[in-house]
Number of protein chains: 2
Amino acid sequence: MDALAVKSFKALGDPTRQQILALLAEQDMTIGQVVDHFDMTRAGVKKHMKLLEVGQLITVKAEGRERINSLNREGFKSIMQWIAYFDQFWDDKLDALASLVEQEEQK
Amino acid sequence: MDALAVKSFKALGDPTRQQILALLAEQDMTIGQVVDHFDMTRAGVKKHMKLLEVGQLITVKAEGRERINSLNREGFKSIMQWIAYFDQFWDDKLDALASLVEQEEQK
DNA sequence: TCCATATAATACCTTTTGGTATCATTTATA
DNA sequence: TATAAATGATACCAAAAGGTATTATATGGA
């Protein structure tokens, strides 16, 4: 089982973190810029960012005294790959349904 | 923002629950059958199942004194839709990169 | 009817999580 | 060189989550 996927999913299971990602989809931001969009202390936001980083949903790049946060495709990819495993399930289920319908039609 | 997606993501952010889903992808099961696959009390497993149900990743159907648990496509769909929003981001980024390369080539 | 089985519900405990407050560190700039 | 700005790190607190134990309820079968 993909251990990263658990961390990515966990990171996404919070409305604040989802909002942060939506902001970063518009443009890269420092933590300070992100904080301006929330009624929360810097330390609080920082913790969320850390979880997003652990889940590989964002990357941080040092630039002088600032840290630029950007979306990271890795986390998104690991999630989609995990979900893809279940696509097979739905395909099989639809196939089974199709066979059943065929059998009914032949009666 | 899709409120369901938060619950679905939260439900998936736990290794036990991911394993339960993998079991249900093989075949529908009662809670008792699921419990047999874990070193955990029935009540513990039950709590996980409840979260999976809230996240619309499984459905429960009463059948006599048993409850049959099956995968539910709704939760998976809401997650993929949420992720899809970010696909646009990657597309844009790749487009921007392509333009940049073109500009460089013209120099 | 009586009993075993499958489940639900609740109370309780420990750990993790979401958040604040506070202090230390690095870097840009007057 | 001071000083302000941007950040990192830590201690602390309340609430939520993960788990057990226990009790109660419904259903199938001898």
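Basis for what follows: all heavy atoms, side chains included, without hydrogens, waters or symmetry-related copies. Worth saying up front: this structure is predicted, and the values here are computed from it rather than measured. Proteins come first, then strands; the chains are lettered A, B, ... in the order of their sequence lines, and each starts at number 1.
Distance alone, capped at 3.5 Å, places no donor-acceptor pair between the E53(B) side chain and the I58(B) backbone. Without hydrogens or angle criteria, R73(A) side chain to Q56(A) main chain gives no donor-acceptor distance under 3.5 Å. Between the side chain of R67(B) and the main chain of K61(B), no donor-acceptor pair closer than 3.5 Å is present. Looking at T30(A), its side chain never comes within 3.5 Å of a backbone N or O of I68(A) through a donor-acceptor pair.
Positionally, the nearest nucleotide of DNA chain C for M40(A) lies more toward the 5' end than for the other of G64(A) and M40(A).
Comparing atom distances between the K47(A) side chain and each of dA6(C), dT7(D), dA11(D) picks out dA11(D) as nearest. The T16(A) side chain lies nearest to dG19(C) when the options are dG19(C), dA8(C), dG18(C). For A43(A), the listed nucleotide lying nearest its side chain is dA21(C); candidates were dA21(C), dG18(D), dG18(C). The side chain of T30(A) approaches dT7(D) more closely than any other nucleotide in the set dT7(D), dG18(D), dA6(C).
Look at R67(A) and you won't find any side-chain N or O under 4.0 angstrom from OP1 or OP2 of dA6(D). Close to dG19(C), at under 4.0 Å from its OP1 or OP2, lies a side-chain N or O of H48(A). At dG8(D), one or more side-chain N or O atoms of K46(A) fall inside 4.0 Å of OP1 or OP2 (strictly under the cut-off). For the pair T41(B) and dA21(D), the criterion of a side-chain N or O lying under 4.0 Å from OP1 or OP2 is not met. In this model, the phosphate group of dA6(D) is not approached by any side-chain N or O of R42(A) to a distance below 4.0 Å at OP1 or OP2.
Atom CD of E66(B) is separated from atom P of dT7(C) by 6 Å (rounded to the nearest Å). In this structure, Q18(A) places its CD atom 13 Å from P of dG18(C), rounding to the nearest Å. E63(B) places its CD atom 16 Å from the C1' atom of dA26(D), with the value rounded to the nearest Å. Atom CG of D14(B) is separated from atom C1' of dT15(C) by 13 Å (rounded to the nearest Å).
Looking at heavy-atom distances under 4.0 Å, K10(A) makes contact with sugar-phosphate atoms alone, never a base. Among the atoms of the strands shown, base atoms are found under 4.0 Å from some heavy atom of G44(A).
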